[in-house]
Amino acid sequence: MKYDYLIVGSGLFGAVFAHEANNRGKKCLVIDKRSHLGGNIYCEEKEGINVHKYGAHIFHTNDKTIWDYVNSFVEFNRFTNSPMANYKGELYNLPFNMNTFYQLWGVKTPEEAKSIIQDQIKGLNIIEPKNLEEQALSLVGTDIYYKLIKGYTEKQWGRPATELPAFIIKRLPVRFTFDNNYFKDKYQGIPLGGYNKLIDGLLKGIDTKTSVDYFKNKKEWDQKADKIVFTGKIDEFYNYQFGKLNYRSLKFEHETLNTENHQGNAVVNYNEKEVPYTRIIEHKHFEFGTQSKTIVTKEYPQEWDDSKEPYYPINDDKNGDLFLKYKKISKKEDNVIFGGRLAEYKYYDMHQVIGSALKRVKNEFKDR
Ligand code: UDP
């Protein structure tokens, strides 16, 4: 059977592309090397709790079209991410807001908080921040940087903050209101019943095959369709011919506890360098679970190698230049579409991946 599209990888990019192509009457086959569909948003149900097996995912977007799009497959709950930060046993609210400033300095007004931060920034003489450290220092001053950013960032990325791009820290808001909502976006939530519902909705009626390795039989797979949508690592697609891109990986340690509520929040960050994990996730709180047990996951960042999952692209100059080489040759392909966090080598959030896939769909089918 000949397909119009072979989609390699069933994460959000692949699933959205397949759904849209299928809607336009194209025959699609989606394959995945894992034993399940959904890429990193896949959840495993245990004790009645949806466990975010490949890291916590909280959907948020400012784009009403994308919000309506995901809600057309599954309704979302009203979960709002308000992580806590634990620094040497002290608890602080995130993102950096009036609650955090009160906890740090006892200040009660925005004016007092601004004045402390300004005093700390003044002496630093940073005019144009060149890296994450300078960006963070010039946004929030020294206290917050040394307590809540430096340790977390350096263990998360395994590099000094002076060698990391400034944009990573711009993901975090700084607010002079008492608002613990981690995201700035208008819309936020978790699918009712878990993320698998979203993937199932997207891939409904589409042929799928799991536990298959595309690269093992690339030629055979390629012959099955007129076009390929590739969502894996772009450097692997090209046999690493220019060298290997670097990624940051994670190790997850899941634990079932015989207690109803372990930490009182879905996400607690551990911000000092000495604690080897960056955060503990208590999954039930994403869905306001009332089960008698709870499942927690410790997240340990680690350097990536072939035996590990490539979770984050490393956006430094070296990897950026290398990626451009791959991108250049990928542009010449007539029958291969590249997309998603790994193929575009971009630190995408879920809504951005969906946006990117919908853009490719528009392009591919020349609709408006
Ligand atoms: N970050 C930090 N302290 C925190 C949380 C985050 O310094 O308590 C920094 C860190 O550099 C991290 C970045 O902010 O890589 C983005 O954090 P986010 O939670 O958005 O990352 P993700 O959930 O994608 O890992």
Side-chain angles (χ1 to χ4, degrees), residues 12 39-41 52 54-61 79-88 90-97 99-101 103-104 129 131-175 180-185 188 190 247-252 263 265-275 277-281 283 286 297-302 304 309-316 341-342 346-353:
L12 274 175
N40 288 347
I41 68 171
H52 297 215
Y54 305 99
H57 283 76
I58 301 145
F59 197 91
H60 58 95
T61 180
F79 180 80
T80 302
N81 191 27
S82 346
M84 297 301 299
N86 183 321
Y87 175 76
K88 302 199 170 172
E90 289 163 9
L91 283 179
Y92 297 97
N93 283 107
L94 290 176
F96 313 125
N97 73 85
N99 290 305
T100 330
F101 308 145
Q103 291 147 353
L104 277 164
N131 53 52
L132 196 151
E133 174 163 301
E134 292 188 3
Q135 179 71 62
L137 281 168
S138 62
L139 276 176
V140 291
T142 44
D143 281 358
I144 294 182
Y145 178 68
Y146 288 108
K147 285 189 172 175
L148 300 179
I149 298 178
K150 187 175 158 66
Y152 186 101
T153 296
E154 294 189 342
K155 66 184 165 182
Q156 165 71 6
W157 296 100
R159 289 157 179 70
T162 46
E163 287 172 24
L164 288 164
F167 84 87
I168 292 179
I169 204 69
K170 288 196 201 143
R171 292 168 62 86
L172 298 190
V174 181
R175 284 196 199 110
N180 297 325
N181 182 355
Y182 199 61
F183 300 115
K184 296 178 224 169
D185 292 340
Q188 179 172 182
I190 306 282
Y247 303 87
R248 193 71 182 150
S249 192
L250 300 168
K251 189 182 82 187
F252 298 107
Q263 61 182 19
N265 206 28
V267 184
V268 179
N269 289 358
Y270 285 79
N271 293 53
E272 75 257 36
K273 209 168 189 173
E274 293 71 25
V275 177
Y277 43 87
T278 47
R279 47 193 171 194
I280 300 183
I281 306 298
H283 302 268
F286 288 124
T297 301
K298 287 191 181 121
E299 200 170 310
Y300 297 82
Q302 51 182 8
W304 174 83
E309 295 287 345
Y311 286 107
Y312 297 89
I314 308 259
N315 291 102
D316 58 13
R341 217 185 232 218
L342 296 177
K346 265 204 184 128
Y347 188 1
Y348 270 148
D349 289 335
M350 289 178 281
H351 63 292
Q352 295 166 324
V353 175

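Both counts, for ligands and for their atoms, begin at 1 and track the order of listing. When reading the values below, keep in mind they use all heavy atoms of this one structure, side chains included, and skip hydrogens, waters and symmetry mates.
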Arg175: partners by side-chain hydrogen bond (donor to acceptor under 3.5 Å, both in side chains), with sequence neighbours left out: none
Parallel, tilted or perpendicular: ring planes of His351 versus His60, cut at 30 and 60 degrees: tilted
Test item: Met84 and Asn86 side chains (from C-beta on) under 4.5 Å apart, heavy atoms: no
Can you list, pair by pair, the side-chain donor-acceptor contacts under 3.5 Å of residues 144-152, counting residues two or more places apart and other chains?
residue, atom, partner, partner atom, Å
Tyr145, OH, Glu133, OE1, 2.7
Lys150, NZ, Glu154, OE1, 3.4
Lys150, NZ, Glu154, OE2, 3.2

Any side-chain heavy-atom pair of Gln103 and Asn93 under 4.5 Å: yes
Ring pair (Phe, Tyr, Trp, His ring centres under 6.0 Å) involving His283 - partner list, sequence neighbours excluded: His52
Amino acids in close contact with ligand 1, where any non-hydrogen atom sits under 4.0 angstrom away: Leu94, Leu148, Ile149, Tyr152, Thr153, Gln156, Trp157, Ile168, Ile169, Arg171, Leu172, Tyr182, Asn269, Asn271, Arg279, Tyr312, Tyr347
